[in-house]
Amino acid sequence: MEVQSVEFCKAQAHIWNQVFSFTTCASLKCAVQLGIADAIDDHGKPMSLFYLTKALQINPSKAPYIQRLMGILVNSGFFSQDKLSYYSLTPSSRLLLKKEELNLRGAVEIMLDPAELKAWSSLSDWFKDEKCRTTFEMAHGKNFWDFCAEESIHGEIFNRAMSTDSQLISKLLVTEYKFLFEGLTSLVDIGGGTGTIAKAIAKSFPKLKCTVFDLPHVVANLESKENLEFVGGDMFERIPNANAILLKIVLHNWNDEDCMKILKKCKEAILGKEKSGKVIIIDIVMDSKKEDYESLQAQISMDLQMMVLLDAKERREKEWAILFQKSGFSGYKIFSMFDYRSIIEVYP
Ligand SMILES: C[S@@+](CC[C@H](N)C(=O)[O-])C[C@H]1O[C@@H](n2cnc3c(N)ncnc32)[C@H](O)[C@@H]1O
Ligand SMILES: COc1cc(-c2oc3cc(O)cc(O)c3c(=O)c2O)cc(OC)c1OC
């Protein structure tokens with residue numbers, strides 16, 4: 001390639017931009033931690049740099065640098081800037097507001113956590129290594145779930161991030177997808193975290209006995225009441241019997257072999273109850289034909305994140321179908337949700 005050719009310049013800019021993509025992530029994290037979106041929102045109208053720096057309560061000597069930070073955040077679509085250079089929120093920064101019940105602050109916090117980023121730095125070593133199952137294990141000397149159990153701050157950040165996502169999904173589940181739960185008498189949410197989804201389902205269906213099943217340290221201090229119960233355990237050993245089993249973003253944490261073990265346990269658990277029932281999965285169904293670039297990129301990135309942290313993966317419909325068949329299920333039905341995830345009903 002000629003050094004002065006258009007192709008060379010484009011290729012060079014492409015590499016610089018990819019190498020520097022960490023600056024957008026780091027600036028986004030900084031914006032969340034400083035509360036920039038909240039300050040602009042509280043202002044109630046487009047905000048000048050002067051008022052923004054005042055509202056952020058930063059060290060006065062650092063005020064001139066905020067303009068530089070805002071530059072990258074405007075360029076990456078988190079804020080907009082008008083002719084007077086006043087800043088406003090965009091749909092993306094609205095999702096970062098503390099006051100919004102449904103925000104993605106938790107996702108920013110967990111995915112850009114130093115412990116998780118550290119795993120990525122061992123990726124090439126991991127490819128040559130024989131012993132470690134995951135890059136995360138190579139970096140930390142223990143697997144992701146043991147790390148969450150032992151480093152309680154990381155575990156809390158993780159559970160908080162998952163819970164915010166569940167708040168969003170639970171609103172949809174008990175309205176638009178209410179039919180999934182109609183007629184059920186018992187439901188176990190396997191890997192149900194701190195119970196955000198199960199609480200919403202239990203409230204909407206008072207006659208439905210809901211159980212949240214997760215690792216003992218996750219449910220340790222959570223109080224069972226009315227038709228909602230918390231049970232600690234390991235899903236590879238025992239899954240409580242129920243009419244229906246819910247698995248929300250759980251199977252994408254596991255490889256095919258482990259997923260089959262989990263699904264076989266789920267089948268035993270639903271058949272043990274009334275010789276019928278179903279498994280309800282909420283997870284990504286990858287679709288490479290998707291025209292939406294952002295959505296496809298998010299799926300590919302999540303797939304790699306699962307590989308690095310958990311030796312796990314995202315799956316296409318064909319891969320899901322093989323898993324169900326190999327685990328002894330007779331059929332399934334997919335309902336696409338509003339984002340890149342789907343609901344899959346699986347029948348024994
Ligand atoms: C990605 S999170 C999903 C949490 C929840 N379903 C949600 O959507 O908010 C996966 C969950 O699986 C749980 N988990 C991991 N290993 C488990 C095991 N062996 N038995 C039961 N739960 C487990 C984790 O503690 C975590 O809460
Ligand atoms: C918060 O919304 C979603 C989160 C996940 C998700 O994110 C993770 C991030 C990590 O840094 C480590 C993890 O182990 C995980 C997960 O296990 C995990 O499930 C996934 C989502 O959809 C597939 C989310 O919804 C947008």
Side-chain angles (χ1 to χ4, degrees), residues 13-14 16-114 116-117 157 160-172 175-176 196 284 290-302 305 337-341:
H14 181 218
W16 279 122
N17 282 334
Q18 294 304 314
V19 168
F20 272 134
S21 60
F22 77 88
T23 59
T24 318
C25 302
S27 303
L28 171 62
K29 182 174 175 177
C30 174
V32 168
Q33 289 174 332
L34 289 180
I36 295 181
D38 305 291
I40 296 176
D41 186 59
D42 288 347
H43 195 63
K45 56 185 178 190
M47 197 177 201
S48 68
L49 184 65
F50 175 79
Y51 282 110
L52 178 61
T53 44
K54 223 170 135 188
L56 294 180
Q57 295 180 329
I58 52 172
N59 186 307
S61 69
K62 305 282 166 54
Y65 300 102
I66 288 293
Q67 186 174 16
R68 310 256 291 277
L69 176 70
M70 290 307 286
I72 192 168
L73 292 167
V74 168
N75 203 43
S76 47
F78 290 106
F79 300 101
S80 64
Q81 200 173 11
D82 62 19
K83 281 188 220 132
L84 296 170
S85 291
Y86 285 19
Y87 301 109
S88 296
L89 298 180
T90 63
S92 307
S93 44
R94 285 193 187 286
L95 280 178
L96 301 174
L97 291 174
K98 281 185 205 140
K99 74 167 194 197
E100 289 295 334
E101 199 190 345
L102 308 176
N103 68 64
L104 288 184
R105 297 170 63 85
V108 173
E109 203 182 0
I110 187 70
M111 305 223 189
L112 298 179
D113 186 274
E116 299 206 356
L117 294 179
I157 297 175
R160 209 169 36 238
M162 297 305 130
S163 167
T164 353
D165 177 62
S166 291
Q167 279 171 28
L168 175 76
I169 300 291
S170 58
K171 288 213 160 86
L172 268 184
T175 51
E176 284 180 41
T196 307
I284 291 180
K290 271 221 156 74
E291 275 147 35
D292 174 3
Y293 168 81
E294 295 266 358
S295 169
L296 182 60
Q297 188 59 34
Q299 294 177 16
I300 294 171
S301 299
M302 184 60 89
Q305 175 83 331
M337 287 182 94
F338 70 102
D339 61 7
Y340 48 86
R341 280 170 296 173

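Shortest non-hydrogen contact noted between Ala63 and Thr53 is O-CG2, 3.5 Å. Between Ser27 and Ile72, the shortest heavy-atom contact is OG-CG2, 3.4 Å. Here the closest heavy-atom approach between residue Met47 and residue Ala55 is recorded as CE-CB, 3.8 Å. Contact between Thr90 and Ser80 at its shortest, heavy atoms only, is CG2-N, 3.6 Å. Pairing each heavy atom of Ile40 with each of Ser88, the nearest pair is CG2-CA, 4.0 Å. Summarising the geometry of Phe79 relative to Ser93, their closest heavy-atom pair is CE2-CB, 3.7 Å, with the distance given to 0.1 Å.
A salt bridge between Lys171 and Glu101 is present, with a side-chain N of the basic residue lying under 4.0 Å from a carboxylate O of the acidic one. With salt bridges taken as basic N to acidic carboxylate O contacts below 4.0 Å, none links Asp38 and Lys99.
At least one side-chain heavy atom of Leu69 sits less than 4.5 Å from a side-chain heavy atom of Leu73. Two residues are said to be in side-chain contact when any heavy atoms from C-beta on lie closer than 4.5 Å; Met302 and Ile284 meet this criterion. Contact annotation: the side chain of Leu95 approaches that of Leu104 to within less than 4.5 Å [non-hydrogen atoms, C-beta and beyond]. Between Leu89 and Leu97, some side-chain heavy-atom pair lies under the 4.5 Å cut-off. Side-chain contact between Glu109 and Arg160 is present, with at least one heavy-atom pair separated by less than 4.5 Å. In this structure, the side chains of Phe20 and Asn17 stay at 4.5 Å or more apart for every pair of heavy atoms. Side-chain contact between Met70 and Tyr87 is present, with at least one heavy-atom pair separated by less than 4.5 Å.
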Would Leu102 and Thr164 count as a side-chain contact (heavy atoms from CB on, under 4.5 Å) here? Give the steps. CA-CA 6 Å; Leu102 308 176; Thr164 353; over 6 Å; no

Check the pair Lys98 / Arg105 against side-chain contact (heavy atoms from CB on, under 4.5 Å), numbers first and verdict last. CA-CA 8 Å; Lys98 281 185 205 140; Arg105 297 170 63 85; 3.4 Å; yes

After noting the C-alpha distance and the side-chain angles of Leu52 and His43, does the key distance pass the side-chain contact (heavy atoms from CB on, under 4.5 Å) rule? CA-CA 9 Å; Leu52 178 61; His43 195 63; over 6 Å; no

Derivation of the side-chain contact (heavy atoms from CB on, under 4.5 Å) call for Gln299 and Arg341: CA-CA 9 Å; Gln299 294 177 16; Arg341 280 170 296 173; over 6 Å; no

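At distances below 3.5 Å, not a single donor-acceptor pair connects side-chain atoms of Asp42 with backbone N or O atoms of Ala39. With Ser170 contributing its side chain and Gln167 its backbone, the two residues share a donor-acceptor pair below 3.5 Å.
One finds the CD1 atom of Ile66 at 4.0 Å from the CD1 atom of Ile58 (value rounded to the nearest 0.5 Å). In this structure, the separation between CG on Asn75 and CD on Gln81 is 10.5 Å, given to the nearest 0.5 Å. Atom CG in Leu117 sits 11.5 Å away from atom CZ in Phe22 (nearest 0.5 Å).
Side-chain contact check for Ser163 and Thr196: at least one donor-acceptor pair (N or O, by modelled atom type) lies under 3.5 Å.
Heavy atoms of other residues, nucleotides or ligands lying less than 6.0 angstrom from CD of Gln67 number 12 at most.
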